[in-house]
**Q** 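Below: one structure in structure tokens.
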Amino acid sequence: MTGRVVECPIDEMNRPRGSKDAAPRIPPTGPEIKTLFTGWGGELVTCRKFAPTARNYTASKLMSQVGLRVSEACKLDLADINWDLGRFGKLHVRHGKGARGTGPRERMVPLINGADRTLRWFIEDVWGQFNDDHTRPGAPLFPSERKNTDSSSRHVGDDALRNGLATAGKAHLPGWTDTLTPHVLRHFCASELYLGGLDLLGIQEVLGHSWIATTMRYINPRELHQTGEKPQVAWSQRHTEGLCSLYGPAV
């Protein structure tokens, strides 16, 4: 009536949106992502620069497995890996995206979907080839080829990871040329977690969203679109069925 959007401070479902809703971002399917990383992994045997290629491969695979933002991956330190937490270990993401300029939003990300194996391989077989001291405070998880003035490694820049993913996508997933980005891998992770049975609140926690309405827009599995089913209807039906099994049918 007044022409102003009234925000309820306790209702995260009704987050104020822009004037237009963004179009659904439908990620690649599981088999397509498997094709990408199988082909990319095969390159590691013959590539000219093994360490940087393996770094880009590992960072991208981690984004697809646990939904990291590319900016978060770039700022990770070796010490951010906590192998003793949880069943698989956890990543301490210290530079998560805050809502509305609130500053970095920290979270602990479980190393699910094989992310623990991905990181162990990289640390044991690749990381040492960047010639840095793993005991040094602030040693980057994903080092750059460029060095600081004291010969220690810098954190990799996001352009290196983006370009590495784009090159691999062009070679091994040509149907996604120029459209496969780190953010698409983040959407893929959200959709795969949903298909695997994780609820919306759990996916929100893994991705580090401030608003669950944002998480809803990330869940767009291609499998549902191919059958003509709307994801929003699917997850609403799933939660309804869950409540019915808990409380029994209405009378």
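None of the values given here were measured: they were computed from a predicted structure.
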**Q** I need the L76 CG to L91 CG distance, nearest 0.5 Å.
**A** 5.5 Å

**Q** Distance-only, no hydrogens or angles: does the R105 side chain make a donor-acceptor pair with backbone N or O of K97 under 3.5 Å?
**A** no

**Q** Assess the side chains of H209 and T215: does a donor N or O sit below 3.5 Å from an acceptor N or O?
**A**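 Yes.
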
**Q** So do the side chains of R55 and P52 get within less than 4.5 Å of each other, counting heavy atoms only?
**A** yes

**Q** Please report the interatomic distance CG(N56) to CG(L161), rounded to the nearest 0.5 Å.
**A**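 It comes to 5.5 Å.
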
**Q** For the residue pair F122 and F130, categorise the inter-ring angle as parallel (less than 30°), tilted (30 to 60°) or perpendicular (more than 60°).
**A** tilted

**Q** I'd like to know whether the aromatic ring centres of Y218 and Y194 sit less than 6.0 Å apart in this structure.
**A** no

**Q** List for me each residue that meets salt bridge (charged side-chain N to carboxylate O under 4.0 Å, His left out) alongside E205, sequence neighbours excluded, and say none if there are none.
**A** none

**Q** Any donor and acceptor pair, going by atom type alone, linking the side chain of T179 with main-chain N or O of W176 inside 3.5 Å?
**A**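 At least one qualifying donor-acceptor pair exists.
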
**Q** Mind checking side-chain contact (heavy atoms from CB on, under 4.5 Å) for D133 and listing every partner two or more places apart, or none if nothing turns up?
**A** T135, R136

**Q** Quick one: do R94 and D77 make a salt bridge, cutoff under 4.0 Å?
**A**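 Looking at D77 together with R94, the answer is yes, because their closest N to O distance falls below 4.0 Å.
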
**Q** How many angstroms lie between atom CG of L185 and atom CD of Q65, to the nearest 0.5 angstrom?
**A** 10.5 Å

**Q** When rounded to the nearest 0.5 angstrom, what is the spacing between CZ in R107 and NE2 in H92?
**A** 10.5 Å

**Q** Could you measure the distance from the NZ atom of K147 to the OG atom of S153? Nearest 0.5 Å is fine.
**A**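 It comes to 3.0 Å.
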
**Q** Cluster partners of V45, using ILVMFWY side-chain heavy atoms under 4.5 angstrom, listed by chain and number?
**A** none

**Q** How are the rings of H187 and H183 set relative to one another: parallel (under 30°), tilted (30 to 60°) or perpendicular (over 60°)?
**A**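 H187 vs H183 ring planes: perpendicular.
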
**Q** With a 4.5 Å heavy-atom cut-off, do P140 and V156 have their side chains touching?
**A** no

**Q** Starting at CG of N113, measure out to CG of L62 and round the result to the nearest 0.5 Å.
**A**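 N113 atom CG to L62 atom CG measures 10.5 Å (nearest 0.5 Å).
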
**Q** Side chain of T38, backbone of K34: donor and acceptor closer than 3.5 Å?
**A**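 Judged by distance alone, yes, a pair lies under 3.5 Å.
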
